[in-house]
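Counting starts at 1 for both ligands and their atoms, following the listed order. By convention here, the first residue in the shown sequence is residue 1.
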Amino acid sequence: MGARRPTSERRLIVLIALFRLEELADGCARGLDPSQSGKDTLFALRSGGEVQLYRNSCPHLDVPLQYRKDRYMSADGSKIICYAHGAQFLPKNGLCVYGPCIGERLTAVPWIERGGWMMVDEAALA
Ligand code: FES
């Protein structure tokens, strides 16, 4: 008789609260540092009422997108801009529609809402 082996892996889910969703106005974005690394490794935005969360890394050269704190969006709030070389991304899906990485996408990060807060699974940050 052999030892019993688990049929599935189980893990503890640790949720990290990022910010209250009501604090994010339409057409605006917010840089986030959930690991407290001193750098905003994620950013959230609200566009057309929908909220998205992306890694703060341009698919062109893997650098942060913003030119200063919380500045990720075009002046009219219709596009995400990488300020390194001017790539433009659609807020709803992160697709690059203009610039050197056209056709590539920002990396979306799954999140959930709990009690009005945007929350992420700590494992999604690895
Ligand atoms: S690094 Fe983003 S467009 Fe070049």
Side-chain angles (χ1 to χ4, degrees):
M1 293 184 92
R4 287 182 54 186
R5 294 183 181 191
T7 55
S8 65
E9 294 278 331
R10 291 189 182 192
R11 70 175 180 86
L12 182 65
I13 295 175
V14 177
L15 293 176
I16 298 175
L18 298 178
F19 66 95
R20 291 196 60 77
L21 288 161
E22 67 190 17
E23 297 171 358
L24 188 60
D26 206 67
C28 293
R30 178 174 183 157
L32 301 159
D33 180 13
S35 304
Q36 299 185 342
S37 65
K39 297 177 187 165
D40 288 341
T41 55
L42 306 177
F43 69 100
L45 63 89
R46 186 185 299 272
S47 178
E50 297 289 317
V51 177
Q52 310 294 338
L53 181 64
Y54 294 109
R55 291 193 183 278
N56 184 13
S57 177
C58 180
H60 180 213
L61 294 179
D62 192 25
V63 299
L65 287 89
Q66 80 279 16
Y67 78 92
R68 65 182 170 92
K69 179 71 178 160
D70 297 338
R71 293 303 180 118
Y72 296 84
M73 306 297 286
S74 58
D76 66 359
S78 67
K79 301 278 191 320
I80 302 163
I81 306 291
C82 176
Y83 286 93
H85 305 107
Q88 297 181 12
F89 304 86
L90 298 178
K92 67 180 178 186
N93 58 17
L95 177 67
C96 180
V97 293
Y98 178 83
C101 45
I102 194 162
E104 296 185 62
R105 290 179 193 268
L106 299 172
T107 302
V109 177
W111 61 277
I112 59 171
E113 183 273 335
R114 286 284 187 276
W117 287 80
M118 173 182 267
M119 314 276 284
V120 292
D121 181 349
E122 186 178 48
L125 304 177

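Of the N and O atoms on the side chains of S57 and D62, at least one donor lies less than 3.5 Å from an acceptor on the other residue. For D40 and Q66, the side-chain atoms include no donor-acceptor pair closer than 3.5 Å.
Contact annotation: H60 places an N, O or S atom under 2.8 Å from atom 4 (Fe) of ligand 1. At a cut-off of 2.8 Å, H85 does not coordinate atom 2 (Fe) of ligand 1 through any N, O or S atom. At least one N/O/S atom of C82, from backbone or side chain, sits under 2.8 Å from atom 2 (Fe) of ligand 1.
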Donor-acceptor contacts, no H, no angles, side chain residues 16-27, under 3.5 Å, sequence neighbours left out:
unit_1	atom_1	unit_2	atom_2	d
R20	NE	E22	OE2	3.4
R20	NH1	G115	O	3.3
E23	OE1	R30	NH1	2.7
D26	OD1	G48	N	3.0
D26	OD1	G49	N	2.8
D26	OD2	G48	N	3.4

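When each atom of ligand 1 is checked for a heavy atom of A87 under 4.0 Å away, the hits are 3 (S). Residue V63 has at least one heavy-atom neighbour below 4.0 Å for each of these atoms of ligand 1: 1 (S). Which parts of ligand 1 touch A84 is read off a 4.0 Å heavy-atom cut-off, strictly below it: atoms 1 (S).
Heavy-atom distances between P100 and ligand 1 reach below 4.0 Å in at least one pair.
Between D121 and R11 there is a salt bridge, with a side-chain nitrogen of the basic residue lying less than 4.0 Å from a carboxylate oxygen of the acidic one.
Within a 6.0 Å radius of OH in Y67, more than 12 heavy atoms belonging to other residues, nucleotides or ligands are found. Atom CD of E113 sits in a crowded spot, with more than 12 heavy atoms from other residues, nucleotides or ligands closer than 6.0 Å.
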